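Worth saying up front: this structure is predicted, and the values here are computed from it rather than measured. We name chains A, B, ... by the order of the sequence lines, and we start the count at 1 in each one. What you see below is based on every heavy atom in this structure, not just the backbone, and it leaves out hydrogens, waters and symmetry mates.
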Number of protein chains: 2
Amino acid sequence: MKTLRLNSNDRAVLLGSCFFEKLPLAATNAILDDVVVSTHEEHDILFGHGEPLDHVFFVLSGLVRLYRLGKDGREADIAVFPKGELFGESAMFLGNRATANAQTIETTMLARIDSRKLRKLAEQTPEIADALMQLLCRHAQMAEDCLAEDRLLTAPQRVASYILGNCPDGITNFSFRLPFQKNVLAGKLGLAPEALSRAFSALRRSGVTVKGRVIEIHDRQALERF
Amino acid sequence: MKTLRLNSNDRAVLLGSCFFEKLPLAATNAILDDVVVSTHEEHDILFGHGEPLDHVFFVLSGLVRLYRLGKDGREADIAVFPKGELFGESAMFLGNRATANAQTIETTMLARIDSRKLRKLAEQTPEIADALMQLLCRHAQMAEDCLAEDRLLTAPQRVASYILGNCPDGITNFSFRLPFQKNVLAGKLGLAPEALSRAFSALRRSGVTVKGRVIEIHDRQALERF
DNA sequence: GATTTTATTTGATCGAGGTCAAACCGCCTT
DNA sequence: AAGGCGGTTTGACCTCGATCAAATAAAATC
C-alpha cells in the first residue's frame with residue numbers, strides 16, 4: 001500500500017460523487033483538507049471486523065467488498081462499493097470499531113478521511129450532518145433490500161431484479177456490461193457462482209442473453225414477471 | 001386507532017429509552033413538545049411501503065413489525081421493534097417515503113414525532129443529530145447482522161445465536177422468557193414457524209429446554225460451539 | 001369446566017441451491 | 001500452434017428448509 005495526496009482527477013471523482021455533490025464547496029474543502037490517498041492491489045485487506053477504525057473511506061477507483069466471516073471461515077458479502085462510494089462510516093458512531101471486514105476486489109485507490117474530524121465537522125455544519133444521515137439511510141436501505149430479496153426471491157428472480165435495476169424504465173430492449181466479474185455479482189447476491197450461472201441460463205428463456213460480461217435484455221416485461 | 005397525549009408513564013418510557021437517555025433534557029422536551037400518542041389493536045397496519053410518511057414512531061408499549069411484500073404476497077420481516085425503540089426514521093432522509101410496511105403485532109401504543117420538526121431540531125442541536133446518526137447506524141447494523149446470519153448460519157445456528165444474544169456472558173446456566181410468540185421469532189429469523197420448532201428440538205441435544213415461552217440453557221459452551 | 005379458537009409441533013414430501021468434480025472457454029504467454 | 005491459467009459452466013448429488021396436512025397443546029370464550 002502506497003500513500004499519496006489528492007490529484008485533480010481524484011478531486012473530480014470526489015466532487016461528482018453522491019455524497020459530496022450536494023455539499024457547499026467550503027464544507028467539501030474542509031473535509032478534504034487533509035485526506036490521504038492509498039493505493040491497493042486486488043484482494044488487499046483494508047480492515048477486519050471489530051478492529052479499531054478511525055477513517056472513513058472513499059473509493060476513487062476500483063472496487064471494495066464488505067463481508068462477514070462465519071465460524072467455519074465461509075464469507076458473506078454485506079456490500080460492494082464501486083468508484084464514487086463512501087464506506088466505513090458507521091464505525092464512526094459505533095465506538096470506532098469496524099462492523100465488518102473490508103477487502104479490495106480489484107486494484108483500488110482510496111481516499112481516507114479522518115473520522116474524528118469528519119464527526120466534528122458534522123457537528124458544526126448541518127449540511128454535512130445531513131449528508132451523513134442520508135448516506136447512513138442509503139446504506140441501511142441497501143442492507144434491508146438485500147435481506148428482503150434474499151428472503152423473498154429465488155436466485156433467478158434476484159438476478160432478474162439486479163438486471164432490471166441496471167435498466168432504465170420504459171425500455172424493452174437494452175444491454176449493459178457488468179461492472180465486475182460474475183464471481184463478485186454472485187457474492188453480492190448471496191449466491192454460489194454456480195447458482196448465478198444457472199440463474200442466467202434460466203433467464204435465457206425470458207429473453208436474457210449473456211456474452212462474457214455483457215448482458216442483453218430483449219423483453220423487459222418478461223423479466224419483470226419472472 | 002385513538003389518539004391521546006403523553007402521560008407520565010409514557011414520559012418515563014421515553015426518557016429511559018436508548019435514543020433519549022443520552023440527550024439533554026431541553027432537547028428531549030423540544031422533541032416531545034407536541035407528540036401525539038396513538039393506540040392500535042394487534043395487526044393494525046401503520047403504513048405501507050412507499051407511502052408518504054411524516055412521522056417517526058416511538059414504541060411506548062407493544063410490538064411493531066417492519067416487513068416487505070413479495071410479488072406473490074409473501075412477507076419478509078425486516079425488523080421487529082419492542083417497547084422503547086424508535087422506527088421509521090429513515091424515511092425522514094429519503095424523501096419522506098416509507099421504506100417498508102409496518103404493522104403492529106400486539107396491542108400497541110405509539111408516540112408520533114413530526115419528522116420535519118425533528119429534522120429541523122437535528123440541524124440546530126448537534127446532540128440530536130448525533131443521536132439520530134447512532135440510531136441509523138444501529139438500524140443499519142441490525143439489517144447487516146440479519147443478512148450475514150441468513151447467509152452464514154443454518155436455522156438451529158440462528159436460533160442459538162438469538163438465544164446467546166439474550167444470555168449474559170460468562171454464565172453457563174440461564175433461562176429467559178421470549179418477549180413474543182414463537183411465530184414472531186420465526187419471522188424475525190427468516191424462518192417458517194415449523195423450521196423454528198424443529199430448530200428448537202435440534203438444540204435440545206445441546207442443553208436447551210423450551211417450555212412455552214420460557215427458554216432454559218444448561219450449557220452455554222455447547223450452544224456457542226453449535 | 002366445556003368448547004372454540006389459535007398457537008405449536010410433528011410427519012411427509014419436495015424443490016432450491018450448495019458442494020464437488022469435471023469440462024469448457026477465453027486470454028495470455030511462450 | 002501449444003500450453004497454461006483463471007474464470008465460468010455443466011453435471012451429479014445431497015442437505016436444508018419450505019410447504020401441506022394432520023395431530024397436539026395452549027389460550028380464550030362461554
Starting from P on C/dC25, measure out to CD on A/Q181 and report it in whole angstrom. 19 Å
B/V64 side chain reached by B/L110 side chain, heavy atoms, under 4.5 Å: yes
Which whole-number value in Å describes the distance from A/K211 NZ to C/dG26 P? 12 Å
Among B/E42, B/E75, B/E85, find the one that has a salt bridge (Lys or Arg N to Asp or Glu O under 4.0 Å) with B/R65. B/E75
Can you list, by residue number, the residues of residues 188-204 of chain A that have a non-hydrogen atom closer than 4.0 angstrom to DNA chain C? A/G190, A/L191, A/A192, A/E194, A/A195, A/R198
Outer limits of DNA chain D sitting under 4.0 Å from a non-hydrogen atom of chain B, read 5' to 3', are D/dG17 to D/dC20
Residue pairs meeting side chain to side chain donor-acceptor pair (under 3.5 Å), one or both in residues 179-208 of chain A, sequence neighbours left out, come to none
Pair B/R158 + B/D150, salt bridge at N-O below 4.0 Å: yes
Verdict with supporting geometry, A/F93 and A/L136, side-chain contact (heavy atoms from CB on, under 4.5 Å): CA-CA 11 Å; A/F93 301 97; A/L136 288 166; 4.2 Å; yes
Pick base, sugar-phosphate or nothing for B/R74, based on heavy-atom distances below 4.0 Å to the nucleic acid. sugar-phosphate
Can you check the A/R213 CZ to C/dC27 C1' distance for me, whole Å? 13 Å
Taking the inter-plane angle between the rings of A/F176 and A/Y162 on a 0 to 90° scale, is it parallel (under 30°), tilted (30 to 60°) or perpendicular (over 60°)? tilted
Can you tell me the distance, in whole Å, between the CZ atom of A/R158 and the P atom of C/dA16? 13 Å
Report the distance from atom CG of B/L185 to atom P of C/dA7, rounded to the nearest whole Å. 15 Å
Does a donor on one side chain sit under 3.5 Å from an acceptor on the other, for A/S161 and A/E149? yes
Could you check whether the rings of B/F57 and B/F87 sit parallel, tilted or perpendicular, using 30° and 60° as the cut-offs? parallel
